[in-house]
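Let me begin by presenting the structure, written as structure tokens, before commenting on it.
Values below: all heavy atoms of this structure, side chains included; hydrogens, waters and symmetry mates excluded. Numbering starts at 1 and runs along the sequence shown.
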Amino acid sequence: MPHLALYTFGALKSPLADPAPLTREFHDSSEAIYRKIGQHPGYLARAEAAEGGQGTLFELEWGEWGKFVVPDWYGGGRTPETIALAATLSLWTDLRPVFDALYTGLHRVALNRRYDWFERTEHPGYVFWWVPDGVKPTWQDGVSRLEHLHAHDSAPHAFTFQRSFDPEGTPTSLKDTQPRRDRAR
């Protein structure tokens, strides 16, 4: 059964190393959010660097998730002092669990603060696509899909919540992906 890949990318208003309160606030909340999302039904895995890895995101060893890359439009730094980005790459069972995980709890609180922390750009901040069972998406896959979404809008190859597709490429919506017990009668 295919799995749903999710890549997110945002350019921060200041480098992660910035000691300003807003940057610290974002950084300090991240681990609790990751922990909570990792317990959510439908969550399968997320890209994590190999244990003991040191250095910037660009220097870490990501194993099957591939080399860390960013969209071409990112103009922020790549050194520990200048990196101003947040990116995630994860695998899910379906669209509904992702929506529920991202729009409830701690992550919802963080989403409400996103414009405090992130630059507003004309680029999408996330993209979905389906991968065959047993396949790990790579950082490059995520960047390529995000750039495709920006250039061509939602399609089975790269899509959003608003215009989503099932694994066969048929347009779908969140209401179509709800568990039966949650559907309106």
Got a sec, which residues hit ring-ring contact (aromatic ring centres under 6.0 Å, His included) with [X], two or more places apart in sequence or on another chain?
{"X": "Phe26", "answer": "Trp117, Phe118"}
{"X": "Tyr34", "answer": "none"}
{"X": "His40", "answer": "none"}

Partner set under side chain to side chain contact (heavy atoms under 4.5 Å, CB included) for Pro80, not counting sequence neighbours: Thr56
Applying side chain to side chain contact (heavy atoms under 4.5 Å, CB included), can you list everything that pairs with Glu64, at least two apart in sequence or on another chain? Lys136
Would a distance-only check, ignoring hydrogens and angles, find a side-chain to backbone donor-acceptor pair under 3.5 Å from [X] to [Y]?
{"X": "Thr23", "Y": "Pro19", "result": "no"}
{"X": "Ser154", "Y": "Thr160", "result": "yes"}
{"X": "Glu147", "Y": "Asp72", "result": "yes"}
{"X": "Lys13", "Y": "Tyr115", "result": "yes"}
{"X": "Glu61", "Y": "Gly63", "result": "yes"}
{"X": "Asp94", "Y": "Arg96", "result": "no"}

Could you pull out the closest heavy-atom pair between [X] and [Y], with the gap in Å?
{"X": "Thr82", "Y": "Thr79", "result": "OG1-OG1, 2.7 Å"}
{"X": "Gly42", "Y": "Pro97", "result": "CA-CB, 3.8 Å"}
{"X": "Trp62", "Y": "Gly66", "result": "CB-O, 3.0 Å"}
{"X": "Ala110", "Y": "Ile33", "result": "CB-CD1, 3.6 Å"}
{"X": "Trp65", "Y": "Ala45", "result": "CZ2-CB, 4.1 Å"}

For [X], what residues pass the side chain to side chain donor-acceptor pair (under 3.5 Å) criterion, not counting sequence neighbours?
{"X": "Trp92", "value": "Ser90"}
{"X": "Asp166", "value": "none"}
{"X": "Gln39", "value": "none"}
{"X": "Tyr74", "value": "none"}

Mind checking whether Leu149 and Tyr126 have side chains closer than 4.5 Å, heavy atoms only? no
With side chains defined as the heavy atoms from C-beta onward, is the minimum distance between Pro124 and Leu146 less than 4.5 Å? yes
Anything under 30° is parallel, anything over 60° is perpendicular, the rest tilted; go ahead and classify His148 against His157. perpendicular
Can you say whether the rings of Phe58 and Phe68 are parallel (under 30°), tilted (30 to 60°) or perpendicular (over 60°)? perpendicular
Start with the C-alpha gap between Arg78 and Val70, add the side-chain angles, then the distance that decides, and say whether side-chain contact (heavy atoms from CB on, under 4.5 Å) holds. CA-CA 10 Å; Arg78 294 172 189 257; Val70 296; 3.5 Å; yes
Nearest 0.5 Å, what's the [atom1]-[atom2] distance between [X] and [Y]?
{"X": "Lys67", "Y": "Leu60", "atom1": "NZ", "atom2": "CG", "answer": "12.5 Å"}
{"X": "His150", "Y": "Trp73", "atom1": "NE2", "atom2": "CH2", "answer": "9.5 Å"}
{"X": "Leu95", "Y": "Asp100", "atom1": "CG", "atom2": "CG", "answer": "9.5 Å"}
{"X": "Trp129", "Y": "Phe159", "atom1": "CH2", "atom2": "CZ", "answer": "10.0 Å"}

Which atom pairs, one a donor and one an acceptor, fall under 3.5 Å between side chains of residues 137-144 and the rest of the protein, sequence neighbours left out?
residue	atom	partner	partner atom	Å
Thr138	OG1	Gln140	N	3.4
Thr138	OG1	Asp141	N	3.0
Thr138	OG1	Asp141	OD1	3.3
Thr138	OG1	Asp141	OD2	3.2
Gln140	NE2	Ser144	OG	3.1
Asp141	OD2	Thr138	N	2.9
Ser144	OG	Gln140	O	3.0

Leu106 and Leu111: same hydrophobic cluster, using ILVMFWY side-chain contacts below 4.5 Å? yes
Pairs meeting criterion salt bridge (charged side-chain N to carboxylate O under 4.0 Å, His left out) with involvement of residues 112-135, two or more places apart: Glu25-Arg113, Arg113-Asp116
For Arg46, is there an ion pair with Glu48 - N to carboxylate O distance below 4.0 angstrom? yes
Between side-chain atoms of residues 1-12 and protein atoms elsewhere (two or more places apart, or another chain), which donor-acceptor pairs fall under 3.5 Å?
residue	atom	partner	partner atom	Å
Thr8	OG1	Thr88	N	3.2
Thr8	OG1	Thr88	OG1	2.4

With side-chain contact (heavy atoms from CB on, under 4.5 Å) as the test, would you mind laying out the steps for Thr170 and Phe165 before giving the verdict? CA-CA 5 Å; Thr170 304; Phe165 297 84; over 6 Å; no
Is the count of non-hydrogen atoms from other residues, nucleotides or ligands lying under 6.0 Å from Lys36 atom NZ greater than 12? no
